[in-house]
Amino acid sequence: MERPRFEIADIIRKADARITCRYREFLNWAQVKVLNAILRCRTAALGGHRDRCTNCGYEAISYNSCRNRHCPKCQTNAREKWLAARQRELLPVDYYHLVFSVPHALVPLIWQNKKVLFRLLFEASAKTLLEVAADPKHLGAEIGFLSILHTWGQTCNGILTFTVSCPAAVCPRTANGGSGRRRDSFYRSES
């Protein structure tokens with residue numbers, strides 16, 4: 001696999017002072033620690049070792065990794081294994097892509113109360129999905145779904161969005177079970 005032209009560490013290194021100044025009030029100690037780990041990962045700052053080929057004698061220096069769970073260099077293999085395992089769990093059906101967005105004005109409040117408010121947001125979005133899906137006017141079915149919290153947008157702005165992946169096949173809520181059926185839309189609006 002070809003190495004990317006730029007890595008996350010290059011971006012952090014280039015913008016380090018601006019990130020620190022602009023987001024100082026939002027960054028806690030653990031987040032600063034992650035940034036520093038990514039900056040130092042696989043550099044001389046963490047030390048290294050010499051690798052030597054036993055066949056031809058070729059030698060190369062390999063720098064040690066930070067092993068931080070947020071580091072893209074260290075976690076690439078783990079991420080690929082996790083994604084492959086999740087893909088094996090997918091049903092052979094289409095999926096809905098649902099999005100719950102938090103109003104931008106509430107983001108600073110939520111950042112200051114992450115543990116409590118993230119839990120409330122997950123619970124509220126889950127209850128909403130289950131309630132709407134159970135309603136016979138919409139799906140009239142029990143559903144399963146996977147919710148993911150996104151805290152940064154593509155432009156590195158602080159956002160809070162819940163992305164939900166939900167199978168397009170449903171199990172009807174009937175006494176005798178019934179077979180799965182496919183729906184073209186998750187929510188049927190009366191317009």
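Because the structure is predicted, anything quoted here is derived from the model rather than measured. The basis for the numbers below is simple: all heavy atoms, side chains too, and nothing from hydrogens, waters or symmetry mates.
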> Going through the checks in order, is the side chain to side chain contact (heavy atoms under 4.5 Å, CB included) test met by Leu98 and Cys166?
Replying inline: CA-CA 8 Å; Leu98 309 169; Cys166 182; 4.3 Å; yes
>> For a side chain to side chain contact (heavy atoms under 4.5 Å, CB included) check, start with the C-alpha distance between Cys41 and Cys74, then their side-chain angles and the critical distance, and finish with the verdict.
In response: CA-CA 8 Å; Cys41 189; Cys74 294; 3.5 Å; yes
> Between Leu117 and Leu106, is a side chain to side chain contact (heavy atoms under 4.5 Å, CB included) present by the stated rule, with each step listed?
Replying inline: CA-CA 11 Å; Leu117 293 175; Leu106 294 178; over 6 Å; no
> Can you check side chain to side chain contact (heavy atoms under 4.5 Å, CB included) on Leu149 and Leu121, steps first, answer last?
Replying inline: CA-CA 9 Å; Leu149 171 64; Leu121 290 168; 5.9 Å; no
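With sequence neighbours excluded, the residues that form a salt bridge (Lys or Arg N to Asp or Glu O under 4.0 Å) with Arg52 are Glu59. By the salt bridge (Lys or Arg N to Asp or Glu O under 4.0 Å) test, Arg69 is found to be paired with no residue, residues two or more places apart in sequence or in another chain being considered. Listed by chain and residue number, nothing satisfies the ring-ring contact (aromatic ring centres under 6.0 Å, His included) test with Phe145 (two or more places apart in sequence, or in another chain). For Asp135, there are no salt bridge (Lys or Arg N to Asp or Glu O under 4.0 Å) partners, not counting sequence neighbours. In this structure, the side-chain hydrogen bond (donor to acceptor under 3.5 Å, both in side chains) partners of Arg13, at least two apart in sequence or on a different chain, are Asp10. Applying the side-chain hydrogen bond (donor to acceptor under 3.5 Å, both in side chains) criterion to Lys73, with sequence neighbours excluded, gives Glu7. The salt bridge (Lys or Arg N to Asp or Glu O under 4.0 Å) check on Glu25 picks up nothing, with sequence neighbours excluded. For Arg5, there are no side chain to side chain contact (heavy atoms under 4.5 Å, CB included) partners at least two apart in sequence or on another chain. In this structure, Phe118 has no ring-ring contact (aromatic ring centres under 6.0 Å, His included) partners at least two apart in sequence or on a different chain.
Screening residues 107-125 for salt bridge (Lys or Arg N to Asp or Glu O under 4.0 Å) gives Arg119-Glu123 as the qualifying pairs, with residues at least two apart or on separate chains.
Residues Tyr95 and Ser165 share a closest heavy-atom pair of CD2-OG, 3.5 Å. Scanning all heavy atoms of the two residues, the minimum distance from Lys14 to Arg18 falls at O-NH2, 3.3 Å. Across every non-hydrogen atom of Cys56 and Cys53, the tightest pair is N-SG, 3.5 Å. Between Leu39 and Ala9, the closest heavy-atom pair is CD2-O, 3.7 Å.
Put simply, the side chain of Ile38 reaches to within 4.5 Å of the side chain of Pro72, judged on heavy atoms. Residues Phe162 and His150 fail the side-chain proximity criterion, which asks for heavy atoms closer than 4.5 Å.
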Donor-acceptor list for residues 78-86 side chains, cut-off 3.5 Å, not counting sequence neighbours:
residue	atom	partner	partner atom	Å
Arg86	NE	Glu89	OE1	2.9
Arg86	NH2	Glu89	OE2	2.8

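In the hydrophobic clustering of this structure, Val32 does not group with Ile11; members are Ile, Leu, Val, Met, Phe, Trp, Tyr whose side-chain heavy atoms approach within less than 4.5 Å, directly or through other members. Linking Ile, Leu, Val, Met, Phe, Trp and Tyr residues whenever their side-chain heavy atoms come within less than 4.5 Å leaves Leu46 and Leu35 in two separate clusters. Both Phe100 and Val116 sit in one connected hydrophobic cluster of ILVMFWY residues. Membership requires side-chain heavy atoms under 4.5 Å apart, directly or through other members.
Side-chain contacts under 4.5 Å among hydrophobic residues (ILVMFWY), followed directly or transitively, place Tyr63 together with Ile61.
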